[in-house]
Amino acid sequence: FIPILGRVIATFLCSGEKEVDLAVQSAKAAFKIWRKKSGMERSRILLEAARIIRERKDEIATVETINNGKSVFEARLDIDTSWQCLEYYAGLAASMGGEHVQLPGGSFGYTRREPLGVCVGIGAWNYPFQIASWKSAPALACGNAMVFKPSPFTPVSTLLLAEIYTEAGVPPGLFNVVQGGAATGQFLCQHRDVAKVSFTGSVPTGKKIMELASKGVKPVTLELGGKSPLIIFSDCDIENAVRGAMMANFLTQGEVCCNGTRVFVQREILDKFTEEVVKQTKKIKIGDPLEEDTRMGPLINRSHLQHVLGFIEQAKNEGAKVLCGGDLCVPEDPKLKDGYYMTPCVLGNCKDGMTCVKEEIFGPVMSILSFDTEAEVLERANDTNFGLAAGVFTRDIQRAHRVVAELQAGVCYINNYNVSPVELPFGGYKMSGFGRENGRVTIEYYSQLKTICVEMGDVESVF
Ligand SMILES: NC(=O)C1=CN([C@@H]2O[C@H](COP(=O)(O)OP(=O)(O)OC[C@H]3O[C@@H](n4cnc5c(N)ncnc54)[C@H](O)[C@@H]3O)[C@@H](O)[C@H]2O)C=CC1
Ligand SMILES: C[N+](C)(C)CCCC(=O)O
């Protein structure tokens with residue numbers, strides 16, 4: 001579907017068990033070649049792929065926008081973090097290795113850091129190209145092959161990544177794309193030649209994937225949903241805090257797993273902060289996401305749009321106040337009349353027990369809550385099963401570090417939100433998942449250690 005126009009642009013056949021097997025077998029064949037390459041050789045190819053992505057950035061961003069609906073301005077930023085991720089792991093590829101350990105009598109041991117084999121990546125629809133890059137770059141840098149399944153809502157841009165890897169010189173089949181939904185995903189997770197599954201998506205699907213993978217004792221990385229807190233203390237720089245709250249809620253039409261959708265504001269500045277956030281939210285330019293100055297496009301599809309609007313209706317019934325937006329929106333441009341648009345929404349008078357505060361909405365809906373003390377807000381911020389991200393705005397440096405040390409979240413921001421440097425690990429606590437993407441640590445999730453024990457003397461047998 002094309003969310004801007006509400007029309008179908010491309011159809012794909014779903015891969016069945018046979019096609020999944022073919023993809024895994026071709027990845028397996030490519031793995032045999034790739035695993036033998038030195039880190040420097042892999043690095044050079046990944047750098048070339050990064051260069052091509054950079055060169056084709058505008059074209060990829062346009063495809064991403066047509067497929068997902070996010071503004072092209074934002075899509076370009078996604079493509080930037082994609083090639084940066086390839087560059088980062090290209091940089092690490094050559095220095096991956098094991099260690100040497102001296103043992104008694106001249107004997108010694110060493111470890112080899114080895115790839116896992118054929119890894120599977122399964123992606124969500126909100127950051128299609130970025131998710132495929134964040135999974136494949138560390139996988140390939142470590143010497144693995146990958147079969148990737150994008151969300152059936154956004155099947156197109158991942159194919160460009162496959163094209164680019166091939167052009168950069170990876171062996172054919174090393175990065176394979178299969179199309180389809182749940183059934184195709186299940187075939188992948190169950191396949192006996194698959195060594196690992198890295199998944200980005202919802203909590204219910206994450207649980208199913210973990211269950212399937214457990215049958216084959218395959219390790220999994222799960223990047224799941226969130227309902228992250230953003231805590232604004234009265235001693236903050238309010239202008240920055242407002243900008244932070246906008247970043248935390250309205251990127252990609254609010255369809256972002258790590259969004260800080262529970263905005264806790266200290267009572268002294270509640271009115272001032274709210275007034276400014278509402279003012280800025282009303283200014284967001286909604287429209288054709290391919291236009292340069294658009295900052296919010298349509299949601300991913302009609303049923304998701306209805307789902308998000310349903311949360312707003314429920315919030316009203318539970319006593320929240322709609323301070324702006326939250327309505328279906330038909331942009332002036334007649335060609336967009338069937339697009340899945342809504343106006344970004346700020347909800348005031350929110351209470352901890354409300355559905356809009358407890359559940360992930362995955363749309364442009366910010367819930368504002370007030371608080372009085374640090375101890376109280378920490379207790380309330382952590383009172384959730386999710387734990388992906390959290391943010392704090394304050395000018396008090398000690399308070400900032402004290403608060404993030406107590407927050408139960410895998411990614412914490414101080415005086416900013418939703419920036420994503422690829423040098424830093426990204427991933428969740430609690431039901432937001434486990435394992436990490438990006439950063440040095442992700443090497444551990446795409447490789448295994450082999451220990452080699454070398455005897456320099458005679459065997460001293462116990463028998
Ligand atoms: N933590 C993170 O990095 C991110 C998390 N998300 C989460 O993803 C959700 C939205 O994305 P959706 O695509 O709607 O999630 P989803 O869970 O419905 O689907 C994600 C992917 O899993 C596949 N899938 C569905 N059922 C499957 C099964 N039984 N076995 C194997 N594969 C299966 C889908 O086809 C799709 O490719 C939100 O909850 C959001 O929070 C989204 C982006 C990033
Ligand atoms: C880029 N960023 C931080 C806004 C979101 C990345 C995670 C996701 O795929 O939702």
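Scope of the values below: all heavy atoms of this structure, side chains included, with no hydrogens, waters or symmetry mates. When a residue number appears, it is its place in the shown sequence, counting from 1. If you're wondering where the values come from, they're calculated on a predicted model, not measured in any experiment. Whatever order the structure lists them in is the order used to number ligands and atoms, beginning at 1.
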Among Val277, Leu347, Ile361, Val278, whose side-chain contact (heavy atoms from CB on, under 4.5 Å) with Met366 holds? Val277

What protein heavy atom is closest to atom 1 (C) of ligand 2, reported as residue, atom name and distance in Å? Ser420 OG, 3.4 Å

So, Asn259 side chain and Lys227 main chain: donor-acceptor pair closer than 3.5 Å or not? no

Should we say atom NZ of Lys18 is surrounded by more than 12 heavy atoms from elsewhere, each under 6.0 Å from it? no

Considering only the protein, which heavy-atom contact is closest to atom 9 (O) of ligand 2, and what is its distance? Tyr127 CD1, 3.4 Å

Could you please provide the protein residues found below 4.0 Å of ligand 1 on a heavy-atom basis, arranged by chain and number? Ile122, Gly123, Ala124, Trp125, Asn126, Lys149, Pro150, Ser151, Pro152, Gly181, Ala182, Gly185, Gln186, Phe199, Thr200, Gly201, Ser202, Thr205, Lys208, Ile209, Glu223, Leu224, Gly225, Cys257, Glu360, Phe362, Leu388, Phe426

Determine, using heavy atoms of Gln130 and all atoms of ligand 2, whether some pair is separated by less than 4.0 Å. yes

Do other residues, nucleotides or ligands put more than 12 heavy atoms under 6.0 Å from Glu379 CD? no

Please tell me whether Phe362 and Trp125 form a close aromatic pair, meaning their ring centres lie under 6.0 Å apart. yes

With a sphere of 6.0 Å drawn around CE of Met96, does it hold more than 12 non-hydrogen atoms of other residues, nucleotides or ligands? yes

Arg440 atom CZ: more than 12 heavy-atom contacts under 6.0 Å: no

Glu211, CD atom: more than 12 neighbouring heavy atoms under 6.0 Å: no

For ligand 2, note which part of Cys258 has a heavy atom under 4.0 Å away: side chain, backbone, both or neither. side chain

Among all protein non-hydrogen atoms, which one is nearest to atom 7 (C) of ligand 2, and what is the separation to 0.1 Å? Cys257 SG, 3.5 Å

Contacts of Tyr413 meeting ring pair (Phe, Tyr, Trp, His ring centres under 6.0 Å) (sequence neighbours excluded), chain-then-number -> Tyr417

For Asn126, atoms of ligand 2 separated by under 4.0 Å from a heavy atom: 10 (O)

Could you tell me which atoms of ligand 2, counted from 1 in the order shown, lie closer than 4.0 angstrom to a heavy atom of Val256? 4 (C), 5 (C), 10 (O)

